[in-house]
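Read the structure below first, then the notes.
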Amino acid sequence: MRTELKRPRGTQDLLAPESLRVERFRRLAFDTARHYGFDPIETPAFEQSAVFLKVGESTDVVQHERYAFTDAGGVELTLRPEGTAAVARAYVENGLYNAPQPVRLFYWAPMFRRERPQALRYRQHTQFGAELFGVEDASADAEIMLLSTAVVIRAGLSHPVIRANSLGCSLCRPAYRSALVQYYEGFRGQLCQDCERRLDQNPLRLLDCKVDQAVREGSPDLSLFWCPECRRHFERVIELVGATGRLIERDPHLVRGFDYYTRTVFEVGHPELGNGTALFGGGRYDGLVELLDGPKVPGVGFGMGSERLLAALGTRLSASSQPSSYVAYLPGFQGQAWIVAESLRVRGLPCQTDLLQRSLKAQLRDASRRVQYVLIVGGEEWAEGKLTVKNLESGAQHVVSADPDDVAQVLVHEGALGL
RNA sequence: GUGGAUGUAGCUCAGUCGGUUAGAGCACCAGGUUGUGGCCCUGGGGGUCGGGGGUUCGAGUCCCCUCAUUCACCCCA
């Protein structure tokens with residue numbers, strides 16, 4: 001078949017068994033978040049463009065990579081490129097600052113960014129994320145780190161290492177920023193092309209350049225500029241997380257892409273994904289709610305890309321399979337098979353049956369590719385109120401009562417019958 | 001946005017120097033066995049060789065453009 005109707009660039013069709021792994025991970029993430037007291041939140045796939053524009057003035061994600069459109073009513077809308085701004089908007093709009101604090105929210109949602117696709121980078125990807133509002137104390141940062149790592153640990157990655165840093169607050173960051181700019185100005189003209197641009201547009205990004213590392217070595221240390229409160233906050237985060245046995249270390253060069261981060265930022269990577277590709281990351285955003293017309297409420301959160309996480313997990317998280325059954329029939333017995341199949345399903349047992357009026361041989365071939373147990377309906381057994389149960393893996397088969405309750409019981413306890 | 005690689009069946013790939021009707025394996029369907037899957041045998045369906053243009057008597061093959069995939073950079077999940 002030839003068609004021009006292909007999926008848009010950078011998107012993907014997810015088929016079994018991959019789609020089953022995703023669903024399994026989604027449930028695991030959902031469970032874990034609930035375990036920490038977080039409630040699910042769903043926000044629209046698109047927002048007024050202003051929501052993202054306000055929040056990410058200088059970031060590539062909202063500056064160059066937005067899927068934006070004007071609807072028939074003239075409203076400027078943008079497909080959600082990231083979760084935090086949307087959730088913060090919902091926090092304000094729904095008056096959650098009047099709810100008992102802290103407010104703990106999590107989401108599982110598609111994100112849209114018009115980037116050039118490459119390994120594990122898509123124009124539509126899925127993020128599991130959580131946001132915690134209303135706590136300025138370092139324990140909130142620590143709880144977010146615990147939740148995010150708990151998810152990957154439960155999924156099968158044993159010892160994630162959190163790399164963390166503090167970007168300081170509105171009191172101490174400006175001083176550092178100008179010291180950094182002043183230092184790098186001395187190397188103007190000797191830097192890589194990207195760094196020349198960073199120097200003007202986003203100086204903090206100079207810190208994670210992979211080329212000009214020698215220049216970076218002599219750059220001023222961010223931690224020397226932290227105000228006492230920021231210092232105490234960061235040390236407390238390290239202490240609280242470390243106390244639980246999680247691995248956390250300071251990465252003095254870690255900065256992150258969104259403007260709204262204050263103080264804590266963190267990332268977790270994975271060796272199998274290459275050095276630059278973060279599994280997930282997050283941080284604190286104490287000014288964000290206010291920026292979105294809300295009261296002065298602090299917040300902290302993370303976002304985790306499910307595609308990257310599933311890739312890092314590899315076979316550690318496999319598609320769950322539960323034994324299933326298939327009702328095959330002899331010519332003329334499709335009606336009876338139909339009823340047997342449904343009687344099993346209403347008893348909670350997975351079951352399918354042939355819809356194509358195929359030969360028994362074809363049905364068995366089909367069944368052997370799909371399920372572990374096949375029931376054969378028809379002929380002499382059926383006349384005696386019986387049917388055949390066959391285990392397609394072992395080849396063993398028995399004739400049993402065709403009463404639906406009996407059949408269900410046999411399937412549940414088939415091990416005991418030596419099938 | 002920048003740079004590289006690759007596009008032939010559902011999948012993985014052959015296809016010689018430009019030459020007849022484009023092949024294989026796997027997968028799918030049917031039959032061999034009108035009551036038994038997997039192994040085996042036989043047969044079948046499925047391709048405008050990514051698309052467009054050009055060179056040529058003749059293009060899957062050579063040239064140009066384009067689209068897509070993929071990898072890296074930027075950035076990010």
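Chain letters run A, B, ... following the sequence lines, proteins first, then strands; residues in each count from 1.
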Considering only the C1' atoms, how many Å lie between B/C73 and B/U16, rounded to the nearest integer? 39 Å

Can you check the A/Y122 OH to B/C75 C1' distance for me, whole Å? 17 Å

Would you mind reading off the distance between A/E65 atom CD and B/C73 atom P, rounded to a whole angstrom? 15 Å

Provide, to the nearest angstrom, the distance between the CG atom belonging to A/D208 and the P atom belonging to B/C75. 6 Å

Between A/S306 and A/Q127, is there a side-chain donor-acceptor contact under 3.5 Å, judged purely by atom types and distance? no

Listed pairs, N/O of protein and of nucleotides 38-42 of chain B, under 3.5 Å:
none

Interatomic distance, A/E381 CD vs B/G35 C1' [rounded to whole Å]: 8 Å

Name the closest nucleotide to the A/R9 side chain, picking from B/C29, B/A68, B/A77. B/A68

Is the shortest side-chain N/O distance from A/Q118 to OP1 or OP2 of B/U70 below 4.0 Å? no

Send over the distance from A/R358 CZ to B/G35 P, rounded to a whole Å. 17 Å

Regarding the side chain of A/S359, the nearest nucleotide among B/G31, B/U2, B/G35 is B/G31

In the structure shown, which nucleotide is the Watson-Crick or G-U wobble counterpart of B/C26, with both distances under 3.5 Å? B/G10

Determine whether a donor-acceptor pair (one donor, one acceptor, N or O, separation below 3.5 Å) exists between the side chain of A/Q363 and the base of B/U36. no

Tell me which one of A/L79, A/T78, A/D60, A/V61 satisfies side chain to side chain contact (heavy atoms under 4.5 Å, CB included) with A/R66. A/T78

We want to know whether A/Q357 and A/Q334 form a side-chain donor-acceptor pair, criterion being a heavy-atom distance below 3.5 angstrom. yes

Could you measure between the two P atoms, the one in B/C63 and the one in B/G19, and give it in whole Å? 15 Å

Proximal nucleotide (of B/A77, B/U36, B/C75) relative to the A/I376 side chain: B/U36

Expressed as a whole number of angstroms, how long is the span from A/L191:CG to B/C73:C1'? 17 Å

Determine whether a donor-acceptor pair (one donor, one acceptor, N or O, separation below 3.5 Å) exists between the side chain of A/R114 and the base of B/G1. no

Is any N or O donor-acceptor pair between the side chain of A/E267 and the base of B/A77 shorter than 3.5 Å? no

Is atom NE2 of A/H64 surrounded by more than 12 heavy atoms (other residues, nucleotides or ligands) closer than 6.0 Å? yes

Separation of B/A30 C1' from A/Q357 CD (nearest whole Å): 16 Å

Contact class for A/R369 vs. all strands (heavy atom < 4.0 Å): base, sugar-phosphate, or nothing? sugar-phosphate

Taking atom types as modelled, find out whether A/R123 and A/T11 have a side-chain donor-acceptor pair closer than 3.5 angstrom. no

Side chains of A/Y260 and A/D286 only: does a donor on one sit below 3.5 Å from an acceptor on the other? no

Quick one: which of B/U36, B/A72, B/C75 gets closest to the side chain of A/R116? B/A72

Any strand is fair game: report the nucleotide pairing with B/C73 by Watson-Crick or G-U wobble, both distances under 3.5 Å, or none. B/G1

Counting any heavy atom closer than 4.0 Å, what does A/A119 reach on the DNA or RNA strands: base, sugar-phosphate only, or nothing? sugar-phosphate

